[in-house]
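Down below is the structure, laid out as structure tokens.
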Amino acid sequence: MINPRFGILMESVRVGPKTARNRFFQTPHSSGTGFWMPHIRAGLREVRAEGGWAVVNTGYCSIHPSCDDHPLDYPRLWDDEDIKTHELMVDAVHRHGALAGVELFHGASNVSNGFTRLPKISPSGADRYAPAHAWMQPGQSRPMDREDIRNLHAWHKAAVERAVKAGFDLIYVYGGMDYLPYQFLSPKLNRRSDEYGGSIENRLRLTRELIEITREASKGTVAVAFRFSVDELMNVPSDHAPSEAHEVVQIMGDDPDLWDIKLSDWPQETMTARFSDEGSHEELYAWVKQVTDKPVVSMGRFTSPDKMVGQIKKGLLDFIGAARPSIADPFIPRKIEEGREDEIRECIGCNICVATYSQGVNVRCTQNPTFGEEWRRGWHPERSRPKKSDQRVAIIGGGPAGLECALVLGRRGYNVALCDAASTFGGRASREAKLPGLSTFQRVVDYRLGRLQTMPNVELYPGSPMTASEILDLGIENLIFATGAKWKRVLVGRDMTETDPLDHPNVYTPDDIMSGAVLPDGPVVIFDFDDFYLGGALAEFLALNGGKVSLVTPASAVSTWTQLTNDHHLIKRRLESLDVAIRTGAFVVGFDGQSVELGFDVPSNLEAESLVIVGRRQQNNNLFHEVRADGGFREKGISSVGSIGDCRAPGIIAHAIYSGREYAERFEEPDAEEFNIKQERILI
Ligand code: ADP
Ligand code: SF4
């Protein structure tokens with residue numbers, strides 16, 4: 001039963017001609033699953049409808065070949081053939097009583113057109129310089145003339161008609177993120193002198209025309225949403241309102257049936273939990289409801305029902321919008337409705353989803369390994385197939401992989417014993433969660449442990465370091481090793497292969513630091529060729545503890561992979577503010593306890609009494625091999641021995657969780673193979 005405190009979240013809301021059953025709104029977000037993956041797309045949207053979201057939207061959906069964002073994957077409505085790909089999603093969403101929305105999009109100059117090779121168009125050819133976007137194509141856009149604007153009207157109308165045919169309930173005009181209507185709105189990008197440029201009324205003209213066309217072409221049968229990036233225009237002064245952003249809402253007021261408020265600065269909007277808290281965009285949308293009577297939705301990585309209720313009660317929002325929280329837990333609304341809010345699998349704000357979108361691959365999630373696997377692997381975030389037998393399972397190692405595997409096997413009904421050498425479960429997630437800014441990593445552990453503790457068929461044995469003979473004598477038929485990996489003391493050569501381990505007592509690894517090793521007082525060098533978050537997080541930790549820290553990396557930027565998680569610039573700034581000296585494009589080749597030797601292109605020395613190497617890891621799989629050796633385990637009545645997570649292949653936490661899930665899903669399933677992934681095919 002729902003906690004009455006949260007009842008307000010379940011109130012229905014009228015949006016134009018449609019009614020949303022509650023206040024949970026999955027805002028449009030990309031899923032890295034383009035027009036050629038309609039089943040995968042439908043699967044990952046359907047599960048949100050099943051989980052209770054009242055509105056489920058597509059990601060940005062291109063209306064015309066002059067807007068193509070390859071190699072990033074996007075759905076499209078370019079011609080009637082594309083309608084079918086959306087019907088799959090619409091039907092799936094409707095099956096669960098939710099409204100289906102489509103975010104129609106033309107990206108103007110903020111797309112690649114790498115696939116169609118058509119020139120990009122924009123209001124006046126004043127493109128934003130985007131140096132970090134490796135997928136952007138060289139070249140500038142073509143200013144739109146009157147014919148282009150007439151064409152745009154026609155393309156938008158055709159896309160609306162197709163969206164209506166596909167059955168969508170809600171259609172977006174997308175005036176955000178430097179996409180076309182936004183470029184017209186922006187005084188920096190719109191330098192036109194005709195009736196589409198100059199005054200704010202003129203810059204708004206195109207947006208209002210598109211809204212009008214949407215209404216006419218849909219014959220009033222759908223709700224029309226306007227997605228509006230406010231951050232930049234909130235800093236543009238206006239003679240008639242606190243800012244031009246306010247003036248836009250003032251002028252348009254009731255034009256759309258729904259206001260969806262977002263930022264134009266994507267890294268700012270999708271900040272990791274390391275640099276932003278839940279609800280951190282409040283000031284950007286807090287004023288909108290004072291200017292319009294239409295419902296307003298916005299986001300803030302909301303996972304706490306109390307915070308959500310606060311947003312509604314304070315009159316800031318009508319809908320709780322979510323992208324990442326709805327990926328991490330598609331069942332947030334149902335869990336709240338059923339009084340199970342303690343079961344919410346909270347987004348950890350790690351941005352693996354963001355990174356994989358930016359890589360042009362299917363979006364994945366650290367917390368929810370089933371995301372994107374609903375159709376192709378048949379996985380579900382809350383359910384798994386029932387067990388096949390009464391066989392028991394022992395899992396050795398309770399880090400992310402072991403915890404996820406135990407959770408799924410336990411849910412399937414198997415008797416599971418999960419043990420860990422450490423006094424608490426969590427493995428690397430718990431260790432890393434103690435580093436500055438990474439506390440949300442503990443949610444990976446808390447969610448799983450919380451569920452496991454309620455399962456009568458799962459036994460938990462913390463503080464249990466196991467040997468091979470002890471494991472063989474457990475009398476449990478199935479053994480799964482989730483014993484993780486250890487950071488190595490090796491360096492990396494000019495050819496990027498690893499060297500022999502460095503043998504010096506003052507050489508440390510992340511494992512040493514996270515287990516509380518006390519470093520000598522003198523300067524520390526971190527040599528980071530892992531290049532994700534950990535090197536930077538350790539530098540921050542050591543600097544905050546008073547160390548004089550330098551970070552050396554062969555990469556061209558500190559924590560370089562975090563350019564994909566959208567927090568690279570913040571990490572760099574944070575380290576600089578702590579006086580961490582950053583040396584890029586450099587290799588540590590030696591260390592004598594007084595200094596590190598930097599080699600190859602620019603040989604030099606850096607003063608250092610200790611060296612921390614964040615580079616490669618070694619599977620902690622000796623036990624696994626010992627137990628499996630010669631197949632002798634069979635004589636002990638053991639039917640299977642497997643390995644998962646970092647013990648199988650060192651990777652990020654998302655990999656470990658996926659690996660634990662994958663093993664548990666196919667355990668005793670003869671038809672399920674590790675490599676048997678259902679394929680989407682283009683039929684000829
Ligand atoms: P993953 O990311 O693959 O889950 P982790 O390194 O996070 O890997 O977790 C591995 C866990 O395995 C650690 O918590 C560690 O304490 C545990 N472990 C390693 N060796 C043993 C052992 N011999 N007996 C019990 N637990 C072990
Ligand atoms: Fe949240 Fe990380 Fe999952 Fe993205 S990948 S939804 S940030 S937990």
Side-chain angles (χ1 to χ4, degrees), residues 29 31 270-274 276 278 301 303 322-330 332 345-357 363-372 381 394-406 417-433 440-441 443-445 447-448 461-471 479-487 510-511 514-515 564-567 617-624 626-627 643-661 663:
H29 70 79
S31 58
T270 58
M271 233 188 248
T272 53
R274 193 167 166 185
S276 71
E278 185 173 351
R301 205 162 20 83
T303 55
R324 288 175 291 175
S326 76
I327 295 174
D329 193 342
I332 290 177
R345 197 171 38 247
E346 291 181 285
C347 167
I348 67 169
C350 63
N351 278 3
I352 290 302
C353 51
V354 168
T356 42
Y357 158 72
V363 164
R364 62 217 55 187
C365 171
T366 301
Q367 273 285 55
N368 175 12
T370 69
F371 187 78
I395 301 174
I396 299 96
L403 286 167
E404 175 71 10
C405 193
L418 175 68
C419 69
D420 199 290
S423 57
T424 52
F425 289 100
R428 65 179 289 197
S430 293
R431 286 199 300 274
E432 292 177 17
T440 54
F441 283 22
R443 293 176 174 184
V444 165
V445 183
Y447 163 71
R448 290 168 176 80
Y461 299 100
S464 308
M466 302 294 286
T467 62
S469 60
E470 285 168 343
I471 294 165
L479 305 175
I480 301 173
F481 288 84
T483 43
K486 291 228 174 325
W487 290 93
D511 294 319
M514 291 188 286
S515 330
L564 289 164
T565 48
N566 281 357
D567 55 357
R617 286 189 293 156
Q618 176 64 51
Q619 292 97 317
N620 191 13
N621 57 9
N622 291 346
L623 266 186
F624 165 69
E626 221 178 301
V627 165
S643 67
I644 56 174
D646 292 329
C647 166
R648 186 165 164 78
I652 58 174
I653 294 175
H655 293 143
I657 291 177
Y658 188 85
S659 168
R661 163 69 66 152
Y663 197 94

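Atoms within a ligand are numbered from 1 in the order they appear, just like the ligands themselves. Just so you know, these numbers come straight off a predicted model, no measurement behind them.
At under 3.5 Å, not a single nitrogen or oxygen of Ile396, backbone or side chain, sits near a nitrogen or oxygen of ligand 1. For ligand 1, one of its N or O atoms has an N or O atom of Met466 under 3.5 Å away.
Looking at Asp567 and Met271, their side chains never come closer than 4.5 Å, going by heavy atoms from C-beta outward. Residues Arg345 and Pro381 meet the side-chain proximity criterion, which asks for heavy atoms closer than 4.5 Å. The shortest side-chain heavy-atom distance between Ile352 and Ile652 falls under the 4.5 Å cut-off. Annotation: side chain of Pro462 is not in contact with side chain of Thr424 (no heavy-atom distance under 4.5 Å). Considering only heavy atoms from C-beta on, Ile471 stays 4.5 Å or farther from Glu626 through its side chain. Two residues are said to be in side-chain contact when any heavy atoms from C-beta on lie closer than 4.5 Å; His29 and Ile327 meet this criterion. Taking the side chain as every heavy atom from C-beta outward, Glu346 and Thr440 never approach each other to under 4.5 Å.
For Arg648, the CZ atom sits in a loose shell: 12 or fewer heavy atoms of surrounding residues, nucleotides or ligands are nearer than 6.0 Å.
In this structure, atom 8 (S) of ligand 2 lies nearest to the protein heavy atom Ile348 N, 3.3 Å. Summary of contacts: the protein heavy atom closest to atom 4 (Fe) of ligand 2 is Cys353 SG, 2.3 Å. Counting only heavy atoms of the protein, atom 17 (C) of ligand 1 lies nearest to Asp420 OD2, 3.4 Å. The closest protein non-hydrogen atom to atom 1 (Fe) of ligand 2 is Cys347 SG, 2.4 Å. Closest protein heavy atom to atom 2 (Fe) of ligand 2: Cys350 SG, 2.4 Å. In terms of protein heavy atoms, atom 9 (O) of ligand 1 is closest to Gly399 CA, 3.5 Å. Protein heavy atom nearest atom 18 (N) of ligand 1, with residue, atom name and distance: Thr483 CG2, 4.0 Å. Atom 2 (O) of ligand 1 has as its closest protein heavy atom Asp646 OD2, 2.7 Å. At the shortest separation from atom 6 (S) of ligand 2 among protein heavy atoms lies Arg324 O, 3.3 Å. The protein heavy-atom contact nearest to atom 4 (O) of ligand 1 is Ala401 N, 2.9 Å.
At a heavy-atom distance under 4.0 Å, only backbone atoms of Ser464 (N, CA, C or O) approach ligand 1. The residue Ala429 has no part lying near ligand 1, judged by heavy-atom distances below 4.0 Å. Of all the heavy atoms of Pro400, the ones lying under 4.0 Å from any atom of ligand 1 are found in both the backbone and the side chain. Counting heavy atoms under 4.0 Å from ligand 1, residue Leu623 touches it through the side chain alone. In Thr467, neither the side chain nor the backbone holds a heavy atom less than 4.0 Å from any atom of ligand 1.
Under the 3.5 Å distance criterion, the side-chain polar atoms of Thr356 are matched with a main-chain donor or acceptor of Arg364. Side chain of Arg431 to main chain of Ser515: no donor-acceptor pair is present (N/O by atom type, distance under 3.5 Å, no hydrogens or angles). Counting only distance, with no hydrogens or angles, the side chain of Asn620 and the backbone of Lys486 share no donor-acceptor pair below 3.5 Å. Asp646 places a side-chain N or O within 3.5 Å of a backbone atom of Gly651 that can act as its donor or acceptor partner.
Of all the listed residues (Glu404, Arg428, His655), Arg428 holds the heavy atom that lies closest to atom 5 (P) of ligand 1. By heavy-atom distance, the residue among Ala482, Gly427, Gly397 lying nearest atom 10 (C) of ligand 1 is Ala482.
Distance check for Cys365 against atom 3 (Fe) of ligand 2: an N/O/S atom falls below 2.8 Å.
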